[in-house]
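Okay, so here's the structure we're looking at.
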Amino acid sequence: MRAENPVFFLDYDGTLAPIAPRPEEAFPYPEAPRVLEALRARFPVYVITGRRVRDLEALLPLSGLPVVGGHGAEEGILGGEVRSLLSVDLSPLRQRLLPCEGVQLEDKGFALAFHYRGARDQEGVKACLRRWLEEVKGLLQALDLEALWGKKVLEIKPKGAEKGRAVLRLLERHPGHTPVCIGDDATDETAFRALQGRGLTLKVGPGPTAAAGRLADVDEVLAYLKTYL
Ligand SMILES: O=P(O)(O)OC[C@H]1O[C@H](O[C@H]2O[C@H](CO)[C@@H](O)[C@H](O)[C@H]2O)[C@H](O)[C@@H](O)[C@@H]1O
């Protein structure tokens, strides 16, 4: 499956970089920077990630690449300007953080990610996180935040931060282009749903999805992208 005149919306973790034990260790697949560089010389390419744009800069050495960060909470250019699209104050929530053993906290400023990939008792941590979610339910509502379970992570993010909204907004900037959207996680599903009937959507790896097609792993993602070069 190939799109004519594509605009690429590519997820980062699990799509351009294999899943790593810790967020700061998720380096791109060795070929990815070269392939992205060649691809963006021909077509518009965006990385749409749950990460902060600034955090991605440390991993992906592609100065000038446009990135939507925080699932849609911010937009910027690697090595350039980044602007917030949503304003949120997480300080009341930071005062109610939980003591779940084995959790690695990633504080993105506009969102909090509780990682438990490294925990010895992952089921125990998940149960602890669920209990905490119950406790802070009212606060999340008051702050207009929502919980999103991803790959060995619970994220608390602004309600409006959604990849689906982000890809539709970006698509308006590229009339006549067909979106090619590739992602592997729960957060990518809003983008797959938003683009239904409008372009190509590809889920990486197993699991239920709204995407129209599937790629097995990062290796296959790169092989697929190379068919456009
Ligand atoms: O939208 P993405 O680019 O897929 O980002 C989603 C989250 O990815 C990161 O966490 C995930 O990847 C880590 C590195 O492989 C892994 O250790 C972790 O278990 C995964 O959940 C990132 O840290 C988050 O901020 C992103 O929201």
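Each ligand, and each atom within it, is numbered from 1 in the order the structure gives.
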Q) Considering only the protein, which heavy-atom contact is closest to atom 3 (O) of ligand 1, and what is its distance? A) T49 OG1, 2.7 Å
Q) Are R51 and Y12 in a cation-pi setup, meaning NZ or CZ lies under 6.0 angstrom from the ring centre and within 45 degrees of the ring axis? A) no
Q) Which of the numbered atoms in ligand 1 are below 4.0 angstrom from a heavy atom of Y12? A) 3 (O)
Q) Are E134 and R131 within salt-bridge range, i.e. N to O under 4.0 Å? A) no
Q: For the residue pair T201 and Q196, confirm or rule out a side-chain donor-acceptor distance under 3.5 Å.
A: no
Q: Take D89 and S91, measure what side chain to side chain donor-acceptor pair (under 3.5 Å) needs, and give me the verdict at the end.
A: CA-CA 6 Å; D89 177 14; S91 25; 2.4 Å; yes
Q: Please work out whether any backbone atom (N, CA, C, O) or any side-chain heavy atom from C-beta onward of A17 is under 4.0 Å from ligand 1, and answer side chain, backbone, both or neither.
A: neither
Q. Do any N/O atoms on E106 end up under 3.5 angstrom from N/O atoms on ligand 1?
A. yes
Q: Would you check the N or O atoms of G50, main chain and side chain alike, for any that come under 3.5 Å of an N or O of ligand 1?
A: yes
Q. For the side chain to side chain contact (heavy atoms under 4.5 Å, CB included) test, which of V47, V82, L60, I48 pairs with V67?
A. V47
Q. Could an N or O of ligand 1 be found under 3.5 Å from any N or O of D11, whether backbone or side chain?
A. yes
Q: May I ask you to list the atoms of ligand 1 that are less than 4.0 angstrom from any heavy atom of K108?
A: 24 (C), 25 (O), 26 (C), 27 (O)
Q: Identify, by atom number and element, the atoms of ligand 1 in contact range of A26, meaning under 4.0 Å from any of its heavy atoms.
A: 14 (C), 15 (O)
(Q) Tell me whether D188 is salt-bridged to K163, with the criterion being a basic N under 4.0 Å from an acidic carboxylate O. (A) yes
Q | Min N/O separation D185 to ligand 1 under 3.5 Å | A | no
Q | Closest protein heavy atom (residue, atom, distance) for atom 19 (O) of ligand 1 | A | R117 NE, 2.7 Å
Q. Which heavy atom of T178 sits nearest a heavy atom of A3, and at what distance?
A. CG2-CB, 3.8 Å
Q.
Test of understanding: with side chain to side chain contact (heavy atoms under 4.5 Å, CB included), list the residues that count as partners of V153, not counting sequence neighbours.
A. A113, H115, E155
Q. Relative to the heavy atoms of E155, which atoms of ligand 1 are at a distance of less than 4.0 Å?
A. 7 (C), 24 (C), 26 (C), 27 (O)
Q: Starting from atom 8 (O) of ligand 1, locate the nearest protein heavy atom and write down its residue, its atom name and how far away it is, to 0.1 Å.
A: D13 OD2, 3.1 Å
Q. Which atoms of ligand 1 sit under 4.0 Å from any heavy atom of P21?
A. 17 (O)
Q.
Closer than 4.0 angstrom, basic N to acidic O: yes or no for K226 and E31?
A. yes
(Q) Using a 4.0 Å cutoff against the non-hydrogen atoms of H71, which atoms of ligand 1 qualify? (A) 27 (O)
Q) Near V153, which atoms of ligand 1 are under 4.0 Å from a heavy atom of that residue? A) 21 (O)
Q: Would you tell me which option among E24, H115, K151 has the nearest heavy-atom contact to atom 10 (O) of ligand 1?
A: H115
Q: Return the set of residues passing salt bridge (Lys or Arg N to Asp or Glu O under 4.0 Å) with E101 (not counting sequence neighbours), or none when no residue passes.
A: none
Q) Run the salt bridge (charged side-chain N to carboxylate O under 4.0 Å, His left out) check on R83 and E74 step by step: do they pass? A) CA-CA 6 Å; R83 66 189 174 101; E74 57 173 20; over 6 Å; no
Q) Looking at atom 15 (O) of ligand 1, what's its closest protein heavy atom, distance included? A) A20 N, 2.7 Å
